[in-house]
Amino acid sequence: GQTARAEVKVFNTRAPFTWSFRNHVLPVLTKATCNSGACHGALAGKGGLKLSLRGFDPMADWGVFTRQTKGRRVVDRDPAHSLMLLKPTMSIGHGGGERIKKKSLEYDIVAGWISAGAPAPKPDDSKLRKLEVFPEGARLKPGETQQILVRADYSDGHAEDVTRWVKFGTSDGSVAAVDDDGKAKATGSGEAAITVWFSSKVAFARIISPFPTAGDSPQRTRRSAEEKPTPPGASGNSLAASVDSAVKSSSFIDELIFRKLDLLNIPASPRCSDSEFIRRAFLDAAGILPGIAEVQAFLNDRSPDKRVKLIDSLLARPEFVDYWTYKWCDLLLVSSRKLSGKGMTTFYNWIHNSVQENKPWDQFAREILTARGSTVDNGPANYFLLHKEPIELTETTTQAFLGMSVQCARCHNHPLEKWTQRDYYQMANLMSRVRLKNGEQGDVLVLASTEGNINHPRLGVPLPPRPLDGQEISLDDKRDRREFLADWMTSPDNPYFAKALANRVWRNFMGRGLVEAEDDLRLTNPPSNQELFDSLAADFAGNGFDFKRLVRQIMITDAYQRSSDPLGVNAKDDRYYSHYLVKRLPAEVILDAVARVTGVPTDYEGYPKGTRALQLRDSQVSSYFLAAFGRPERIQTCSCERMQEPNVAQALHLVNGETINLKLRSAAGVVEQLFNSQADDEVVVSELFLSALARYPTVSERTKLLPILGESPIDVLEPFARQKAARRAVLEDLYWAVLTDREFLFNH
């Protein structure tokens, strides 16, 4: 019922105008999916017509239409008889069906271009600079709609409404859907990005649909108040909890998360218990369980800053170094598949020392990218032995240090990103002058040459080297091109470098990346909290790329210390951090945890007794358990290599496999020690729960377990062997039940 009035001045209506093949005809064909991968944009084309995917090569496509099939595709004297119009309008048979309607604007554009003589794309054609989306965001209730408009800004200063030819998509169909014309509809509660793609440019609009507030009520937590774990004979640790709850983080992280939660009407869960926190922090930061004495000391500590002190102590532990060394070895593919034993060890030791000294991440990356010399003497030089070709180096480097895959742009413009094939080969040319030479001691020497280029496959010539979104350098420049790449990549102004690492670390602690998957940072996969993502990366870069500081910043937040118990509608939240996201422990962490609780280290061929899984240098070390539970093989730099999904093999191995059973039967293990010491049943249960779950058993758990243990008393009148068999079997079963329980296998 409202109106608005605007005065519009129209000019140059009679100026000569010709439809552009680059800026008008190709967008029409793209919208009609003529040049999609399922049609003529396929590798071999369709029906004798092969076009570049989504029009990434205008000149080649113009030649296909105007120079092939004896000119029948374009008939400028009579456009209506051009195959380019006859086929998609179904005037003659067409396997793809009707793609363009007669008397439509799309028909008129193609026909008008043909009648003007089908002019070729010219170097001085106006180029698309950016897309603008209106509105940039909208707040809708489920069922409400919003028309999205898209404007293209060109290099000559003019702009056009291109909504009609945009390819629309949505990041989350359960929150918002969008039709081919750009009309978005809220389908549920949450936030979704409506992505727009036009002529290799990408943008998006955000649709927010808040959760309903009426009728919300806090859900019952996992355990009722009286069921919270308490030490034997104690009244609980409510004093510590109440004192600790007064310690509030005022960081920008919490502020931006609460702002998002308020916007979406999502309640935040309360703080987790001390037991949950100590176990969570040890596992997330160092990949280990806390010891019994450490748990008891923490639970008994009444100081209000004890959580911060615990975090600081974890950052100083050698296990913290082992854990993050292992993660960066996964990222950089350290293994004996391609490296010699000496080279692999040197690379591993360099990474370990870098984590230990908290080497700034920009320096860490620079030393790898510019490494030279012997692969035995200089650890990061092995990076170039793992990836010998410029193509390999380009794709691994962008994935590892920028968190993005540019692989699609190797053959054509990226269909989901702004990167073009030209961008790709300019980037690859930065890596084209690395040379490898066999050394005298069985090593390999990495050298920087002053000659050598990689050709653009379509143009057949090398392009001036240029980092993505960076400045070109001359083909004749004799300096080490990798230095230019390192300068650009590690610059605090680089929008990708800091975000890539910040997102990886965030996901480790919070269970889900601000961008998910953690190494899929593209425009069409926007973060769940853009402000937080930008601020986190800016803070990381602005503080010297200090890795430990980043970890600490995340761990001290209320967001990280929230309970995993759902509260009201936040049970549906898997990306806004209203509660801690429960996650299954990595394979190596589970195996080390089993070894710690049972007191029986795992043996690894070629490694000293007592080596933990997270201290293994090589991913090729044989271990059925690690393989079954998803250890990555370190073949490709992708987070997808680590498999976290449960499967039947895992379940069967936990139930009947040798890993747990042999450790429980070991004469050197905790079970044997408990039996030989004739430990009291109360002590047995408490120590097991403290070591495996970092908590005391609840009242109901004691009530159930103690009678079971009491059924196998040590009777001095019975033969010792029979006593031992009966008592030991019960102890083994008790440990087995806890070690195979979800509470043990998951971090919560």
Side-chain angles (χ1 to χ4, degrees), residues 1-32 55 58 79 100-116 119 121-122 124-170 176-186 191-210 263 418 523-524 526 530-531:
Q2 300 182 20
T3 62
R5 184 182 299 272
E7 291 187 3
V8 179
K9 183 178 181 180
V10 182
F11 54 95
N12 286 343
T13 59
R14 298 179 183 275
F17 177 78
T18 301
W19 294 110
S20 162
F21 183 76
R22 183 194 307 273
N23 295 328
H24 300 115
V25 175
L26 282 180
V28 167
L29 300 179
T30 300
K31 181 70 173 184
I100 296 176
K101 294 184 179 295
K102 291 181 179 179
K103 298 182 180 180
S104 66
L105 178 56
E106 288 76 12
Y107 185 97
D108 291 344
I109 288 174
V110 178
W113 171 73
I114 294 174
S115 64
K122 301 187 291 289
D124 61 350
D125 282 345
S126 61
K127 302 297 194 300
L128 177 61
R129 292 188 306 184
K130 66 176 182 178
L131 297 178
E132 293 182 281
V133 184
F134 305 95
E136 293 183 349
R139 187 182 178 104
L140 306 175
K141 295 178 180 179
E144 291 183 338
T145 61
Q146 171 67 54
Q147 177 64 49
I148 304 296
L149 301 178
V150 184
R151 185 170 70 185
D153 287 348
Y154 290 90
S155 57
D156 61 1
H158 89 282
E160 298 180 19
D161 184 335
V162 295
T163 306
R164 186 172 183 133
W165 299 290
V166 163
K167 300 286 285 186
F168 291 95
T170 178
V178 63
D179 63 19
D180 289 342
D181 298 321
K183 180 178 283 189
K185 181 178 182 179
E191 184 180 54
I194 302 300
T195 57
V196 302
W197 188 96
F198 177 80
S199 294
S200 292
K201 295 291 185 184
V202 181
F204 60 88
R206 290 190 179 275
I207 300 296
I208 293 176
S209 183
L263 189 64
K418 67 177 184 178
L523 287 175
T524 48
Q530 184 71 59
E531 287 183 276

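Each residue takes its place number in the sequence, starting with 1.
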Using modelled atom types only, decide if a donor and an acceptor are shared between the side chain of R22 and the backbone of K122 within a distance under 3.5 Å. yes
Measuring only between side-chain heavy atoms, which start at C-beta, is F168 closer than 4.5 Å to D179? no
Within a radius of less than 6.0 Å around CD of E136, do more than 12 heavy atoms belonging to other residues, nucleotides or ligands occur? no
Where is the tightest heavy-atom contact between L140 and Q146, given as atom of each residue plus distance? CD1-CB, 4.0 Å
Counting only N and O atoms by type, is there a donor-acceptor contact under 3.5 Å from the side chain of K127 to the main-chain atoms of D125? yes
Between V133 and I148, does the side chain to side chain contact (heavy atoms under 4.5 Å, CB included) criterion hold? Intermediate values first, please. CA-CA 7 Å; V133 184; I148 304 296; 3.6 Å; yes
By salt bridge (Lys or Arg N to Asp or Glu O under 4.0 Å) - contacts of D181 (at least two apart): none
So, does W113 use its side chain to make a donor-acceptor pair with the main chain of S20 at under 3.5 Å? no
Check whether S155 reaches the backbone of S126 with its side chain - one donor and one acceptor, N or O, closer than 3.5 Å. no
Would the number of heavy atoms belonging to other residues, nucleotides or ligands and lying under 6.0 Å from CG of D180 be above 12? no
Taking the ring centre of each residue, are W19 and F17 less than 6.0 Å apart? yes
Looking only at atom types and distance, does a side-chain atom of R129 sit under 3.5 Å from a main-chain N or O of Y154, one as donor and one as acceptor? yes
Spacing of CG belonging to L26 relative to CZ belonging to F198, to within rounding of 0.5 Å: 9.5 Å
